[in-house]
Structure formats: structure tokens, C-alpha cells
Amino acid sequence: MPMRCISKMSSKKIRGRVFLVRVDLNVEEGSEKNAYRVQAILPTIVHLLCHGGKVALLSHRGRPAPARGISNFQFSISKQQRKLSLKPFASILSKKLGKQVVFIPHFDFEKIEARIESSKRGSVFLLENLRFLAGEEQDDPALGMRLAALGDIYVNDAFAVSHRANASVRAIVKYIPSYAGFLLEKEILNLDRAAKHYAHPFTIIFGGAKISDKIGIIRRFQNKADYFLLGGGPANTFFAAQGLPTGSSLIDTGSVAFAKQCLRSKKIILPIDAERQNGKILDIGPKTIDQFDAVIKNSKTIIWNGPMGLFEKRGFEEGTRGVWNAVLMNKKAHTVVGGGETVSSISLILGSKFLISKNVFLSTGGGAMLEYLSGEKLPGIEALQK
Ligand code: ADP
Ligand code: MG
């Protein structure tokens, strides 16, 4: 079903209106400035500002515990929570946008409303971490309504949280006309192209920590994809299913039974060598890199989530480097790469010496991407459908 998209809205409708834009600023401390997620939200904001709209940015960050015993609209900040404030993003976004982004450090909604209302066209505001409010993760309709009252039009540009039934993602949509932003539209377009309009050979690459959230995709694409290349935790889980010694390697024990069911599938390609330390399998080995490289080179559709090894540790990044090189060399395939660590691994491993060509799409979603590809309905996206 098609979504209502801000890209189709006439500029007349934008002028003078207040847009509540749900973005994803869920970035770890220390990597705020260069985060791909922050860069990715700019087109929607710039578009709305250029056409004379006002923008109020809504986001969460991390998993703060909301203060207990007070209403869903109030919060008191503890030291630990302060680290999860969205304040640092105001100056970062100000620089990127070339205009002041006003940070609002409280949830006194009447004051916020008045402040936005009295501002000039082209103003940008950033609200505090919505998860400081208990109502956010509870998808509280009262909070959704209160947030909706701050603006005229709601825009979801936070694909990475669209699988969460949260007040600023789902409840709010009931009270205000709602649209998808440029980023969300692009995410869905690219994921649909890979999942529904794929060309063969179609290769799915899985690594990372868990396999449980990837099972849905293996099931859905078992007859459609040609290869599943497995590294990281998923590969270890298959080794355990084969009865091979895995020591204290990262394994998803809950998925061993599923892996056993898949052992006979010729499409599932497991590593043939590995890098180990203290009995732990921490990366795929050089022969496997060559083998994966050959498959990736010839693929026409590629979906990748999860690093091949513990790439953050020196000596265990070669597998992930190999997959990045192969993926970036293939200019013919339609490629989608997603997942927080997977996407951030590119700059850690390749530095600034890489070019992402048009055929490769970096998704801002991890869990959301996996759920969407599994065919599940995402509450934030359902809410925007016509
Ligand atoms: P993403 O964030 O891209 O969705 P995950 O969160 O599933 O990926 O997993 C990423 C993490 O998995 C990385 O921190 C990486 O170090 C770790 N990892 C991958 N392979 C291994 C391995 N063999 N042993 C331990 N950790 C691994
Ligand atoms: Mg992760």
C-alpha cells in the first residue's frame, strides 16, 4: 500500500505550517558529529525550510528509564539520563543546516506551543529525548495527542524506529495529518526493490550478533534468494548445529534448532576457515573471504546485515573489510546494507577512502530493516498508508 509522502506535497501547503518531524538521533555518545543517521535526515528538514515551513524535531536516544510516579508528561533528569540528552545535536544540526536550531530542554507543552507559534517561518526546534517521558514507549494516546497539538503536520523520517509502537511514531498519527519524509520514502523504495523486484543471483549476507531476528528473512527468502552467506554469530550458530566445537564463541543458542533444520540447504554457505582467539571464533578466514567475494561479485541483488566478525578489535576486521570491498566493487547489483554496526563499520575499516556508488543503499534501520524484510507490518509505516 502506498504511503502519503512529503515529497508529493505542494509548496503552498508547506509555507507557514509547523511540521513535527520524527527523526532518529539515536546515536552513541562520541559519534554524534559524523553519524550517517544525522546526515540522512537533512534533506527533509532542508526541503521544509526552503518552502517556508517551521520544523520541530522529535527523537529519542538510548533507553533511559523514565522517572516513576509522575505523570507521563513530566520528567526529572538523573545523571545517567543527562548523557542521553539530545542537546548536543542542536549545535551539530545548526552547523549542518547553516541556521540556528533551538533546543527545548523541557516538556512544558503550553510553553513549547507558544514558542513555536511565535517563531518566524524557517525556524527549527529540537525537543528533548522523548523517552524521558514514560508515555513514549507506552504508545500513550494522551502523549500522542499532546505532541500532535504542537504542529500542523507530522512527518515520519525515522525508519529505524518505525517498528516500534511508540507515541511519537504511532499514537501521534491519529491526531494530525501524517506523511513519510524523504528518508523514509527512500528506505521503503530501496527495500522493496531488493525484496520484491530482485534480480538473480540474489545474495543475502548475514553476520553480527544474533540470528534470531534474521530467521524470518531466511524463511521468507528460502525459495527466492540464491545464496545466504553467513559469518559472525549466525555462522557460529550453524557450526553448533553441526556439532562442531565452538568453545565460547558468540552463539545464539535459541536458534540452534532452526539452524539444524536448514543444514541441508545448499543455498546456505558457511565459512570454510576462521580466525580464532582463546578458542573463540572471531572472524571468517581468508579462504572464506575469497569464496564470499566470488559470490558477491556475480550477484545482481544483495542484502547485507551484520559484520562478519568482531571488527572493532584489530585483527578481526578482515572479513568485514572483504565483504565491504566486494560489495563496493560490484556496480551492477542493487545492494542494500543495513544495521547500526554494519553501516558504521565502513568508516572504521576503510577510513575515508571509499566511494559509495548509486547502486548501493545504506539503510538507517537495523531491527526495522530486518522486520520489514521479513514481511512484518511496521506500526509506524502502517500508520502512514493511504
Ligand atoms: P548491526 O548493528 O549491524 O545490526 P549486530 O548488532 O547484529 O549488527 O551485531 C554487531 C556486532 O556483532 C558487532 O559489534 C561485532 O563485533 C559483533 N560480532 C560479529 N561477529 C562476531 C563474532 N564472531 N564474535 C563476536 N562478536 C561478533
Ligand atoms: Mg547492532
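Since the structure is predicted, the reported quantities are computational estimates derived from the model, not experimental observations. Indexing begins at 1, ligand by ligand and atom by atom, following the structure's order.
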Q) Would K8 and E185 count as a salt bridge (Lys or Arg N to Asp or Glu O under 4.0 Å) if you check the C-alpha gap in whole Å, the side-chain angles of each, and the deciding distance to 0.1 Å? A) CA-CA 11 Å; K8 311 275 174 347; E185 191 182 356; 3.3 Å; yes
Q: Step by step, work out the side-chain hydrogen bond (donor to acceptor under 3.5 Å, both in side chains) result for Q277 and K313.
A: CA-CA 11 Å; Q277 192 177 56; K313 204 165 164 195; 2.7 Å; yes
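Taking a 6.0 Å sphere around CZ of R220, one finds it holds more than 12 heavy atoms contributed by other residues, nucleotides or ligands.
Between E136 and the choices R61, R22, R146, the salt bridge (charged side-chain N to carboxylate O under 4.0 Å, His left out) rule is met once, by R22.
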If you look at each N/O of ligand 1, which protein N/O atoms lie under 3.5 Å away, and at what distance?
unit_1: ligand 1; atom_1: 2 (O); unit_2: G340; atom_2: N; d: 3.4
unit_1: ligand 1; atom_1: 2 (O); unit_2: E341; atom_2: N; d: 2.9
unit_1: ligand 1; atom_1: 2 (O); unit_2: E341; atom_2: OE1; d: 2.6
unit_1: ligand 1; atom_1: 3 (O); unit_2: E341; atom_2: N; d: 3.3
unit_1: ligand 1; atom_1: 3 (O); unit_2: T342; atom_2: N; d: 2.8
unit_1: ligand 1; atom_1: 3 (O); unit_2: T342; atom_2: OG1; d: 2.4
unit_1: ligand 1; atom_1: 4 (O); unit_2: N305; atom_2: ND2; d: 3.3
unit_1: ligand 1; atom_1: 6 (O); unit_2: E341; atom_2: OE1; d: 3.1
unit_1: ligand 1; atom_1: 7 (O); unit_2: A209; atom_2: N; d: 3.1
unit_1: ligand 1; atom_1: 9 (O); unit_2: A209; atom_2: N; d: 3.1
unit_1: ligand 1; atom_1: 14 (O); unit_2: E312; atom_2: OE2; d: 2.5
unit_1: ligand 1; atom_1: 16 (O); unit_2: E312; atom_2: OE1; d: 2.5
unit_1: ligand 1; atom_1: 16 (O); unit_2: E312; atom_2: OE2; d: 3.4
unit_1: ligand 1; atom_1: 23 (N); unit_2: I281; atom_2: O; d: 3.0

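Taking the centre and axis of the six-membered ring of F221, the NZ or CZ atom of K224 falls inside the cone set by 45° and 6.0 Å.
When distances from the Mg ion (ligand 2) to the N, O or S atoms of E341 are compared, OE1 comes out shortest.
Taking 4.0 Å as the cut-off between side-chain N and carboxylate O, K54 and E117 do not count as a salt-bridged pair.
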